[in-house]
Amino acid sequence: MALLKIARMGHPVLLQRAQPVEDVHSLSIRQLVSDMIETMLDSRGAGLAAPQVHKSLRLFVYHVPEARCGAGETPIPPRVLINPEIAPVGNAMMQCTEGCLSLPSLRGVVPRHAVVTYRALDLDGAVITGEASGFHANVLQHEYDHLEGILYTMRMTDFATFGYAEEFALMRES
């Protein structure tokens, strides 16, 4: 396994729509997913999309740590979604404080759908489907946006809620 270099805001790969994964079973995809999980965990991120590691492919890894679980939510160990499709359920929205490994040290508040459904492939080519809410829904939408060439700042509606992480806590308290 290897730690991968993370593309930062301004790199063209982050602004492109990623290409579908053609061969889910390839050793190169398995190695990429393994390296992405290691990189995500080492960077203390909740998710990491292939474009963030300079690969224009429609896949991302994520997890939901126990510390991020709300009432009734359960932790989700690291997993991959390949060629995902995500759709909102209803019109309910939530305000999410987000950071991104491609925008180190920054945070902002982003409106997201409160509940989404997802459909994707796993590393064995099996279809994964489900419904997500809370932090789980937040991370799925954030990572899916990377596959569409969208950074969370592009979804922000109030830049008064954008700042450096160490200052953000002070901003949110006032």
Side-chain angles (χ1 to χ4, degrees), residues 1-68 75-86 96-110 112 116 118-125 128 132 135-156 159 161-169 171:
M1 288 197 268
L3 294 179
L4 303 172
K5 183 177 179 180
I6 297 173
R8 295 192 320 168
M9 182 172 63
H11 194 288
V13 73
L14 296 174
L15 301 175
Q16 301 170 3
R17 187 171 196 280
Q19 299 301 306
V21 175
E22 299 295 334
D23 184 5
V24 173
H25 303 289
S26 76
L27 290 178
S28 63
I29 293 295
R30 287 185 180 279
Q31 185 64 55
L32 175 62
V33 168
S34 178
D35 291 346
M36 285 176 62
I37 290 172
E38 183 179 5
T39 302
M40 173 186 70
L41 296 174
D42 183 73
S43 301
R44 297 179 33 191
L48 185 65
Q52 290 181 275
V53 293
H54 305 273
K55 302 290 184 191
S56 185
L57 293 169
R58 295 190 72 75
L59 71 84
F60 63 81
V61 298
Y62 77 98
H63 68 127
V64 177
E66 188 171 352
R68 297 304 305 259
I76 298 172
R79 65 183 340 193
V80 62
L81 295 183
I82 300 171
N83 296 331
E85 300 168 11
I86 295 180
C96 302
T97 300
E98 297 189 14
C100 182
L101 298 175
S102 293
L103 288 80
S105 304
L106 295 170
R107 300 285 180 273
V109 176
V110 181
R112 296 285 187 188
V116 298
Y118 60 94
R119 176 184 170 86
L121 301 175
D122 67 13
L123 278 175
D124 295 321
I128 303 168
F135 183 75
H136 187 193
N138 180 193
V139 73
L140 291 179
Q141 291 171 83
H142 178 106
E143 298 308 327
Y144 183 81
D145 273 354
H146 279 299
L147 306 183
E148 295 295 311
I150 299 169
L151 298 174
Y152 78 86
T153 51
M154 297 170 177
R155 295 237 186 246
M156 291 181 65
F159 275 88
T161 64
F162 183 58
Y164 288 98
E166 58 266 356
E167 305 296 337
F168 196 79
M171 180 177 14

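Computed from a predicted model, the values in this text were never measured in an experiment.
Among all heavy-atom pairs drawn from Thr153 and Phe159, the shortest one is O-CZ, 3.5 Å. When every heavy atom of Phe135 is checked against every heavy atom of Pro65, the shortest pair comes out as CE2-CD, 4.3 Å. In terms of heavy-atom proximity, Ser56 sits nearest to Ala18 at OG-CA, 3.3 Å. Annotation for Val24 and Gly125: closest pair CG1-N, 3.8 Å, computed over non-hydrogen atoms. Gly47 and Leu101 get closest at one heavy-atom pair: O-CD1, 4.0 Å. Listed here is the closest heavy atom pair of Arg155 and Val110: CB-CG1, 3.6 Å.
Contact of the Val80 side chain with the Ile37 side chain is not registered, since no non-hydrogen atoms from C-beta on lie closer than 4.5 Å. A 4.5 Å side-chain heavy-atom check between Ile29 and Asp23 finds every atom pair outside the cut-off. No side-chain heavy atom of Val116 sits less than 4.5 Å from a side-chain heavy atom of Tyr144.
In this structure, Arg112 contributes its side chain and Ala137 its backbone to no donor-acceptor pair below 3.5 Å. Looking at Glu143, its side chain never comes within 3.5 Å of a backbone N or O of Val139 through a donor-acceptor pair. Using a distance-only test at 3.5 Å, with no hydrogens or angles considered, no donor-acceptor pair links the side chain of Ser34 to the main chain of Arg30. Distance alone, capped at 3.5 Å, is enough to place a donor-acceptor pair between the Asn83 side chain and the Val21 backbone. A donor-acceptor pair is defined here as one N or O able to donate and one able to accept, closer than 3.5 Å; no such pair exists between the side chain of His146 and the backbone of Phe60.
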(request) Decide side-chain contact (heavy atoms from CB on, under 4.5 Å) for His142 and Glu98; before the verdict, give the C-alpha distance in whole Å, the side-chain angles of both, and the deciding distance to 0.1 Å. (result) CA-CA 8 Å; His142 178 106; Glu98 297 189 14; 2.6 Å; yes
(request) Output, in order, the C-alpha distance, side-chain angles, deciding distance and verdict of side-chain contact (heavy atoms from CB on, under 4.5 Å) for Leu151 and Leu103. (result) CA-CA 9 Å; Leu151 298 174; Leu103 288 80; 4.3 Å; yes
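Under 4.0 Å is where a charged nitrogen must lie from a carboxylate oxygen, and between Glu148 and Arg58 at least one such pair does.
Between the side chains of Asp35 and Gln31, at least one donor-acceptor pair of N or O atoms lies under 3.5 Å. Between Ser102 and Gln52, the side chains place a donor N or O and an acceptor N or O closer than 3.5 Å (distance only, hydrogens not considered).
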Result block: side-chain N/O donor-acceptor pairs under 3.5 angstrom for residues 1-16, not counting sequence neighbours:
residue	atom	partner	partner atom	Å
His11	ND1	Val13	N	3.1

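Partners of Arg79 according to the side chain to side chain donor-acceptor pair (under 3.5 Å) rule, which considers only residues two or more places apart in sequence or in another chain, are Tyr62, Tyr118.
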